[in-house]
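A short write-up of the structure that comes next.
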Amino acid sequence: MPEQSKIWLSSPHMGGEEQKFVKEAFDTNWIAPLGPNVTLFEEAISNYIKDDVYVAALSSGTGAIHLALELLGVTAGDEVICQSFTFSASANPIMYLGASPIFVDSESETWNISPVLLRKAIVDRIASGKKPKAIVAVHLYGMPYKISEVRTIATEFNIPIIEDSAEALGSTYKGGKCGSFGDIGILSFNGNKIITTSGGGALLTKDKNSKDKAVFLATQARDEAPHYQHSNVGYNYRMSNVLAGIGRGQMLVLDERVAARRANYQFYYDNLSTISELEFLIEPEGYFSNRWLSCILTPSYEVREKIRLSLEKENIESRPLWKPMHLQPIFSDKPSYVDGTSEDLFLRGLCLPSGSNLEQKDLERVVNIIKSQLL
Ligand SMILES: *Cc1c(COP(=O)(O)O)cnc(C)c1O
């Protein structure tokens, strides 16, 4: 029997107009970084998010977090609070600056940063002599974090929030778009995200000055002079005009992509939630997730592995939930405020195929294999 076709976790899904915008870049020879596609892509994002955000298109979400930290004045020796349950790119840029991440565990309702542990961490760090310079909060898998609770704490202690919205473009909280809630927000257009430029990211700021400063740093920090003159360390983080053409095309289909991913989740929920061993991440009142990845919680590590391996055998890619940062070898010496929540999610949870280009028969294949392992 021929092997069944591969089902990916989350693969790129072009809309059709991308090549037209890329061709414009070629036809006008705007192959360099910067150019009309970059400006128009930034405008499209800003119109989508609203709330008067200023958008700087960059080469990656990781670079956007790096610049966000720098804009907030984070330097060597500083401490920055970071959600532990996330992808390493949320934390790595803290290290680039010689600062230290302080990891905070999740709560079980949204799987994101726990307001209770966040407060505890801030109080404890201040007591030990260092006030954290920023809070990196993440909308994991597209589910918004507890935005008003986290904002209340940030305001009380006067600490800015970097909103890692890499996985949550298209998600909303009480009607507002994710990306608009932090003092600075970031997006990612990596190949596996809800829309992609093959690689890319964006920084979202509340004022034009901050955007201009980010763009200045992202383009090698050139002072105004006919020669190359530098008073700051700069980076090469700007998005290319060719890739921004892909982004313009992808913005046209973003809402369709959100609808398709939410339909995947609904299919899994409708077909698997009756199995008493399985749990789903339900949207609390007022939360709207783009369902970037659909996830299930199994009863144990053993059951999770049984399901994952049986899918793998049938040429279907699934993946354990993110391994928390406080359990990563590279961060093992960093302070953490944890209660076991994210470790438990990591051990029992599995991300199922979630691409917006999955077909009904693909979803059925996944569901049937999971059922065969549990019923
Ligand atoms: C993808 C991702 C990033 C990094 O984005 P890149 O564009 O891949 O650099 C940051 N944070 C989270 C939570 C992500 O999932």
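Since the model is a prediction, treat every value here as computed from it, not as a measurement. We count ligands from 1, going down the list as the structure has it; atoms in each ligand are counted the same way.
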State whether [X] and [Y] are salt-bridged, where the test is any N-O pair (Lys NZ or Arg NE/NH1/NH2 against Asp/Glu carboxylate O) under 4.0 Å.
X    : Y    : value
K306 : E302 : no
D344 : R348 : yes
K371 : E277 : no
K131 : E79  : no

Of the protein's non-hydrogen atoms, which lies at the shortest distance from [atom], and what is that distance?
atom                    : result
atom 9 (O) of ligand 1  : T62 OG1, 2.5 Å
atom 15 (O) of ligand 1 : E167 OE2, 2.6 Å
atom 5 (O) of ligand 1  : S188 OG, 3.2 Å

Check: Does one side chain, of N368 or E364, offer a donor that lies under 3.5 Å from an acceptor on the other?
Finding: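 The answer is no; no qualifying pair exists.
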
Note to self: Judged on heavy-atom distance to atom 12 (C) of ligand 1, which of D164, T196, N92 sits nearest?
What the structure shows: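 Nearest option to atom 12 (C) of ligand 1, by heavy atoms: D164.
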
Checklist line | Derivation and outcome, side-chain hydrogen bond (donor to acceptor under 3.5 Å, both in side chains), residues N190 and N192 | finding: CA-CA 6 Å; N190 191 36; N192 61 353; 3.2 Å; yes

Next item on the list: Answer with side chain, backbone, both or neither: which part of S60 has a heavy atom less than 4.0 angstrom from an atom of ligand 1?
Entry: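 Within the 4.0 Å criterion, S60 contacts ligand 1 through backbone and side-chain atoms alike.
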
Counting both backbone and side chain atoms, is some N or O of [X] under 3.5 Å from an N or O of ligand 1?
X    : result
K193 : yes
L140 : no
W292 : no
T86  : no

